[in-house]
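Here the structure is laid out as structure tokens; the discussion comes afterwards.
Everything numeric here is computed off the predicted structure, so don't read it as measured data. Counting starts at 1 for both ligands and their atoms, following the listed order. Residue numbers count from 1 along this sequence.
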Amino acid sequence: LDFENITLDQHGAIAVLTVNRPKALNALNGETLGEIVQALDLIAENAEIGALIVTGAGEKAFVAGADISELNALDGVYAGREVSLSGQDVMTQISNLPIPVIAAVNGFALGGGLELALACDVRVAAPSARMGLPEVTLGLIPGFGGTQRLARLIGAGRALDLMLTARQVKADEALSLGLVNYVADDPLSKSREIAETMLKNAPIALSLVKEAVRRGLNTDLDAGLEIEADLFGMAVATSDFREGTGAFLAKRPAQFKGE
Ligand code: HXC
């Protein structure tokens, strides 16, 4: 498929989605978000793909936010709400993918760019990364899920500090905040390495872990524990569970089939 603002590559079981709009530091305009959705559909349909890496083209930026010239044209409560809802939808589609999704964060990840990284399961930052939610400097608030996902990831107090000051954090602080999982000189190759590690595990179990965490965060502990037990039951119903436990007991490596 021919995309204007993104590229989608496949390396074995790993797909790499790269936001590529160099003239605007990879800012997400409506067209780019539409292409991301098309790419997610292709990924979801492709059974060969077991993990996704999301990154930005060039050294300077992962994604510098939603496109401010498009935001500037917004007028009225309704239009604002719609833009937020449709961007949230894209981020939720990423987060709901049944495969691990890793953000390889190079350079600026601001506003909607950080929100894109927050929709991923794991974040790897380059030492050059600069992350923040500067929306209040524009008279806005985060609208692609950032107020919710950042607070859930690093806690309300730390999230509020970042959103109210609009300050940018560098990779080492992001690591200590729990905003990123790893700092690496080459975040893309580190992300590939992490994806390969994940891909050694049973694919259905990976998707069930994601689902348990995601659904559990939307509810209280008792309901979350029930969700866990239900999904644990589903794991026990897979042939990969037979294979995994059988292989352990036979002292041989497991051969998972995703069944
Ligand atoms: C549109 C953008 C952009 C953006 C950068 N550009 N960010 N265009 N939307 N988010 C464009 C610049 O206008 C410029 O275009 C080119 O990219 C290079 O950027 P410079 O500003 O010249 O680079 P530099 O001086 O190095 O500064 C880098 C920067 C700065 C600190 C990242 O660009 C910046 O502050 N960008 C905006 C970051 C931001 O506020 N993001 C949050 C957006 S709100 P020209 O044509 O001049 O070369 C948001 C809300 C999400 O994301 C939710 C919505 C519902």
Side-chain angles (χ1 to χ4, degrees), residues 3-7 17-37 40 54-96 103-120 123 125-154 158-174 177 179-180 187:
F3 295 115
E4 288 283 317
N5 307 291
I6 66 169
T7 57
L17 191 166
T18 307
V19 182
N20 187 7
R21 253 192 106 212
K23 66 177 179 196
L25 299 184
N26 304 328
L28 301 173
N29 60 0
E31 196 178 69
T32 307
L33 288 166
E35 290 184 356
I36 291 173
V37 169
L40 295 174
V54 177
T55 193
E59 300 272 291
K60 198 171 166 186
F62 174 72
V63 166
D67 188 289
I68 296 172
S69 49
E70 282 190 1
L71 293 176
N72 178 254
L74 285 176
D75 189 17
V77 176
Y78 183 75
R81 186 170 186 277
E82 286 304 306
V83 158
S84 174
L85 284 172
S86 68
Q88 286 175 356
D89 245 28
V90 179
M91 303 309 155
T92 297
Q93 279 189 52
I94 292 172
S95 144
N96 286 356
V105 180
N106 47 303
F108 292 108
L110 301 175
L114 182 56
E115 293 174 296
L116 174 62
L118 288 169
C120 301
R123 282 150 292 282
S128 69
R130 299 286 180 276
M131 283 156 278
L133 292 176
E135 281 86 345
V136 293
T137 67
L138 302 167
L140 287 175
I141 71 169
F144 289 172
T147 61
Q148 304 307 303
R149 288 203 175 88
L150 186 63
R152 281 168 173 74
L153 182 66
I154 68 173
R158 300 200 264 202
L160 281 163
D161 170 51
L162 293 186
M163 286 186 270
L164 297 175
T165 61
R167 71 190 177 86
Q168 292 178 10
V169 301
K170 297 183 182 173
D172 50 353
E173 186 182 357
L177 287 171
L179 177 52
V180 303

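For the pair Asn106 (side chain) and Ser128 (backbone), a donor-acceptor distance under 3.5 Å is absent. The main-chain N or O of Leu40 is never found under 3.5 Å from a side-chain atom of Gln93 such that the two would form a donor-acceptor pair.
In this structure, ligand 1 sits under 4.0 Å from heavy atoms belonging to Lys23, Ala24, Leu25, Ala27, Lys60, Ala64, Gly65, Ala66, Asp67, Ile68, Leu71, Val83, Phe108, Leu110, Gly111, Gly112, Glu115, Pro134, Glu135, Leu138, Gly143, Phe144.
Here the CG-CE distance, from Leu110 to Met131, works out to 9.5 Å after rounding to the nearest 0.5 Å. The distance from the CZ atom of Phe144 to the CG atom of Leu33 is 5.0 Å, given to the nearest 0.5 Å. Interatomic distance, Gln168 CD to Glu173 CD, rounded to the nearest 0.5 Å: 11.5 Å. Taken from CE in Met91 to CG in Leu28, the straight-line distance is 5.5 Å, to the nearest 0.5 Å.
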